[in-house]
Protein chains: 2
Amino acid sequence: MTSLYREIKRQLIADIANGVVAPGAALPNETDLARRFNVSIGTLRRAVDELVADHILVRQQGRGTFVGLQDRDRFMFQFFRIEGRDGLREFPQLSMQNFAKGRATPAEARQLGLSGTPSVFRIENVLTLQGQPVIFDRIVISAQLYGGLTQAQFEQRKGTIYELYQTDFGITIVDADERVRIEPADAQSAQHLGLAEGDAVLHIERVAHTVDGQVAEFRISTVNTQTHDYVVRARGKR
Amino acid sequence: MTSLYREIKRQLIADIANGVVAPGAALPNETDLARRFNVSIGTLRRAVDELVADHILVRQQGRGTFVGLQDRDRFMFQFFRIEGRDGLREFPQLSMQNFAKGRATPAEARQLGLSGTPSVFRIENVLTLQGQPVIFDRIVISAQLYGGLTQAQFEQRKGTIYELYQTDFGITIVDADERVRIEPADAQSAQHLGLAEGDAVLHIERVAHTVDGQVAEFRISTVNTQTHDYVVRARGKR
DNA sequence: AAGTGGTCTAGACCACTTG
DNA sequence: AAGTGGTCTAGACCACTTT
């Protein structure tokens, strides 16, 4: 039923999730790994192949195999789907509007896969593209998972938010589900996006997962699509 | 530079694109294929692996490897992203509103990757979910690519539209890019979706590609998201 | 029983990066 | 030069489907 290479894949995922191999760190070379798991190098490679396909590991010929690092490039190509009407993909400038600790609503708890009314951090950001505010993000994350997170830590971070999750908490976001619909802008969204309350905005609910499938973030993005689109590209390259 | 398995992959794609192996037909078995290409079975499998990952080929243990067929299941999981707010995924009921032949606008020609003002078919459909009209589709396809297509042929087809493309014209859609934004409903969309003209609707532009990367369809979908969402799921399974 | 794909082995040699 | 991943081989045996 369960093949060898799947078992190896699971063990590698467990090692990454438990921080046995740190983000950015190199794995042992393939012959050593194969020996350690008592499999041939072909079988070891098959397990690593799939983790590379999922962007969890990154191979570099001549250098080694590394745990995928969250950086701007990865964020832009894997998680950021907003681009100009003309196809221009620009890294957004982020401005934090609010940082607070509180109790999750029942809906938020459900999205986070938690029971009861757990303690959460709420972070609100405006994302600017080409000088114009385009996206208003409301992020909800478990206070237990991100224990000790402070506003200063958030503001003084370098790089993306997902990079902060990874470097400061060992949490690597590897994929996300999104649900998109139209909603009338609430007062807050309207203000941040330069719209009138009730104007139609794109409402995106994102549930982001770690390497071992746990929910590590719930985010509602509100987007003004007057000049930008939400873009989904085909997987394959060919 | 170009590895053996990539070359084999390209040859297999060419065979599929040229109809050398028909949709639904079985490929020769792996040992025969490997012999034909003068490679080991491992190398042959690597090429086929990638085509299976792209849903171009389908393997069935004990039976064979087949050119992927367009059916409801494939359409629902690969191309249809609209689902109920509660997560219910339902196959839409389709009602054709219009079928016409005409000249492409410059914008349409550009999306189709054609020059000038080529002859095109325009097909308009209303898609109904749970008894309510939710999606209004405007499809534009090259009259040259789909030579001889008739309204009767379209209306009397069995299965999905992509199944018609495949069985009647040998055109297999394998992936699609989509751009999503909010637009005010025009008179026609509003009427079909039971909205007032100017109401905000989700506007989706889809460019669909064949196995060899050619554009085979341009489609604008207009969606009423009052009860349904546009959903993007994470790739990996784990 | 015969035929198919699925997994696995134990190497070999090549391409690339680094010291 | 040494170490890494990238490609490829020529088998073996297993799991599944069909006849």
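Quick note on labels: first sequence line is chain A, next is B, and so on, each numbered from 1. As the structure is a computational prediction, the values presented were derived from the model and not from experiment.
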- Query: Starting at CZ of B/R35 and ending at P of C/dT4, how long is that distance when rounded to a whole Å?
  - Reply: 10 Å

- Within the structure, does a side-chain N or O atom of B/T65 lie under 4.0 Å from either OP1 or OP2 of C/dG5? yes

- Query: Do the charged groups of B/E83 and B/R89 touch, with an N to O distance under 4.0 Å?
  - Reply: yes

- Task: Send over the distance from B/Q61 CD to C/dC8 C1', rounded to a whole Å.
- Result: 14 Å

- Query: So, is the end of the A/R138 side chain (NZ or CZ) under 6.0 Å from the ring centre of A/F136 and within 45° of the ring's axis?
  - Reply: no

- Message: When both hydrogen-bonding distances must be under 3.5 Å and the geometry is Watson-Crick or G-U wobble, what is D/dT18 paired with, if anything?
- Response: C/dA1

- Task: Examine C/dT18: is either OP1 or OP2 under 4.0 Å from a nitrogen or oxygen in the side chain of A/R63? Give yes or no.
- Result: yes

- Base, sugar-phosphate, or nothing for A/R46, non-hydrogen atoms under 4.0 angstrom? sugar-phosphate

- From C/dG6, C/dC8, D/dT7, pick the nucleotide closest to the side chain of B/R59? C/dG6

- Rounded to whole Å, CG of A/L57 lies from C1' of D/dG5 at a distance of 13 Å

- Task: Check whether more than 12 heavy atoms from other residues, nucleotides or ligands sit under 6.0 Å from atom CD of A/E155, and answer yes or no.
- Result: yes

- Item | Distance below 4.0 Å between A/Y5 side-chain N/O and C/dT7 OP1 or OP2 | yes

- Task: Nearest whole angstrom, please: distance from the C1' of D/dT7 to the CD of A/E30.
- Result: 12 Å

- Between B/Q60 and B/I41, whichever has its closest DNA chain D nucleotide further toward 5' is B/I41

- Taking a pair as Watson-Crick or G-U wobble with both distances under 3.5 Å, which nucleotide is matched to C/dA12? D/dT7

- Atom CG of B/L44 and atom P of D/dT9: how far apart are they, to the nearest Å? 10 Å

- How long is the line joining CZ of B/R45 and C1' of D/dG11, in whole Å? 14 Å

- Can you tell me the distance, in whole Å, between the CZ atom of B/F66 and the P atom of D/dT17? 12 Å

- Message: Does C/dG11 have its OP1 or OP2 closer than 4.0 Å to a side-chain nitrogen or oxygen of A/S40?
- Response: no

- So what does A/T31 hit on the nucleic acid, given a heavy-atom distance under 4.0 Å: a base, only sugar-phosphate, or nothing? nothing

- Interatomic distance, B/N38 CG vs D/dT7 P [rounded to whole Å]: 20 Å

- Return yes when atom CD of B/Q151 has more than 12 non-hydrogen atoms of other residues, nucleotides or ligands closer than 6.0 Å, and no otherwise. yes

- Should B/N29 be listed as having a side-chain N or O under 4.0 Å from OP1 or OP2 of C/dG3? no

- Task: Report the relative orientation of the aromatic rings in A/Y146 and A/Y165; use parallel for angles under 30°, tilted for 30 to 60°, perpendicular for over 60°.
- Result: tilted

